[in-house]
Amino acid sequence: MTTRTREIHLKSRPTGVPTREAFALVETTLAPVAAGQILVRNTWMSVDPYMRGRMVDRKSYIAPFALDAALDGAAVGIVEQSADPAFAIGDHVVHFAGWREHVVLDGGSATRIATDGIAPQTYLGALGFPGLTAYVGLVRIAQARAGETIFVSAASGAVGSTVAQIAKLLGLRVVASVGSRDKAAWLLNEVGVDAVINYREETDLAGALAQAAPEGIDIYFDNVGGEHLEAALAVANDHARFVLCGMIAGYNAESGARGPGNIFLAIEKRIHLQGLIASDHVALFPEFTAVMSDWIRQGKVKLRETVHDGLESAPDAFIGLFKGANTGKMLVRL
Ligand code: NAP
């Protein structure tokens with residue numbers, strides 16, 4: 001039996017901020033399910049900033065997207081046909097074939113997820129790669145300790161809001177940076193961070209950070225790069241640890257983004273700068289899933305989502321990431 005479905009293809013490689021013209025909604029027929037395979041109806045898909053890098057044809061830690069082929073990325077769905085004894089019809093699974101409504105997968109490329117008390121789409125956010133990124137960055141790379149001060153940028157997003165919440169649970173003082181008053185209010189009043197900077201309202205980011213963190217910062221969790229990284233270098237304490245997670249301020253730059261003008265401070269202050277690629281740490285998923293599921297069930301980590309409806313809205317959801325359109329995890333409900 002074959003299945004008709006719809007998927008989003010990359011039609012052209014964008015320059016600058018992507019527009020809808022780079023994407024095409026395509027109807028296709030899937031091959032029948034063979035032995036060892038499952039047919040999944042996707043219910044939620046993730047859009048993530050790293051996908052912008054995959055739209056450029058260059059060598060990186062992950063292959064570029066092909067033109068005129070379905071994009072991919074994390075998604076969750078329900079098994080509708082199974083020729084793999086490890087999966088039953090109705091199982092909820094997470095996998096990497098997003099940007100489409102149905103997919104036929106080898107059973108080995110899907111993972112069954114527990115949905116008792118946890119919404120399936122959480123496996124794309126706090127219980128998925130964004131959550132793992134926050135956990136690894138804080139616990140393994142920064143080795144965060146109670147009493148320290150952390151600065152986190154893009155702090156109301158999927159990774160940043162998880163960093164802020166885990167850091168509070170670990171007993172740190174959290175200074176957050178965001179791009180709107182609503183996001184600042186959410187972080188202060190509901191997430192419970194100690195200070196927030198709205199970078200869009202500051203002409204002197206380093207000055208604002210020095211005011212928000214008079215004791216300096218011990219850890220910088222960088223999701224943004226650019227001026228945020230310069231401000232963090234200026235205010236860092238000696239021997240601070242910088243988790244270089246993302247530099248979204250430069251992802252749409254049409255010529256190479258410039259590095260921080262004050263990088264020499266990394267020498268003077270003996271700062272430890274370490275890059276992080278979450279997929280290097282998948283072996284930590286069992287430990288992370290157990291800890292994070294408990295925090296979520298106990299209400300210690302709060303979940304926030306911005307939801308677009310329908311596969312055709314996926315390009316807008318993705319483009320919205322670069323305009324600050326999301327609070328919490330940006331998701332598409334299919
Ligand atoms: P997200 O924070 O949920 O969404 C992106 C947010 O970035 C936007 O909501 C916006 O919030 C902010 N932003 C966009 N353009 C900006 C700019 N020019 N300057 C400052 N802020 C800007 O996305 P996410 O999935 O959690 O990812 C956050 C960062 O982590 C990204 O840089 C991503 O590439 C990185 N990441 C890295 C790894 C890894 O393994 N290294 C894994 C996951 C994510 P505002 O309204 O606050 O501007």
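Just follow the structure's listing: the first ligand is 1, and inside any ligand the first atom is 1.
A side-chain donor from one of His281 and Arg140 sits under 3.5 Å from a side-chain acceptor of the other.
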Check against salt bridge (Lys or Arg N to Asp or Glu O under 4.0 Å), Arg4 and Glu101
CA-CA 10 Å; Arg4 287 292 285 171; Glu101 290 174 328; over 6 Å; no
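Between Phe285 and Phe129, a ring centre-to-centre spacing shorter than 6.0 Å is recorded. Checked against the 6.0 Å centroid criterion, the rings of Tyr199 and His228 qualify as a close aromatic pair.
Taking each heavy atom of Gly320 and Asn326 in turn, the nearest pair found is O-OD1, 4.4 Å.
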Enumerate the pairs of nitrogen or oxygen atoms, one from ligand 1 and one from the protein, separated by less than 3.5 angstrom; state names and distance to 0.1 Å.
residue: ligand 1; atom: 3 (O); partner: Ala158; partner atom: N; Å: 2.8
residue: ligand 1; atom: 3 (O); partner: Asn326; partner atom: ND2; Å: 2.9
residue: ligand 1; atom: 4 (O); partner: Asn326; partner atom: ND2; Å: 3.3
residue: ligand 1; atom: 9 (O); partner: Asn326; partner atom: OD1; Å: 2.5
residue: ligand 1; atom: 11 (O); partner: Lys183; partner atom: NZ; Å: 3.3
residue: ligand 1; atom: 21 (N); partner: Tyr199; partner atom: OH; Å: 3.3
residue: ligand 1; atom: 26 (O); partner: Ala158; partner atom: N; Å: 3.3
residue: ligand 1; atom: 26 (O); partner: Val159; partner atom: N; Å: 2.7
residue: ligand 1; atom: 30 (O); partner: Asn223; partner atom: OD1; Å: 3.3
residue: ligand 1; atom: 32 (O); partner: Asn223; partner atom: O; Å: 2.9
residue: ligand 1; atom: 32 (O); partner: Tyr251; partner atom: OH; Å: 3.1
residue: ligand 1; atom: 34 (O); partner: Tyr251; partner atom: OH; Å: 2.7
residue: ligand 1; atom: 40 (O); partner: Ala278; partner atom: N; Å: 2.7
residue: ligand 1; atom: 41 (N); partner: Cys245; partner atom: O; Å: 2.9
residue: ligand 1; atom: 41 (N); partner: Leu276; partner atom: O; Å: 2.6
residue: ligand 1; atom: 46 (O); partner: Lys183; partner atom: NZ; Å: 2.6
residue: ligand 1; atom: 47 (O); partner: Gly179; partner atom: N; Å: 2.9
residue: ligand 1; atom: 48 (O); partner: Tyr199; partner atom: OH; Å: 2.5

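Within the structure, side-chain hydrogen bond (donor to acceptor under 3.5 Å, both in side chains) pairs that include any residue of residues 56-77 comprise Arg54-Asp72 (at least two apart or interchain).
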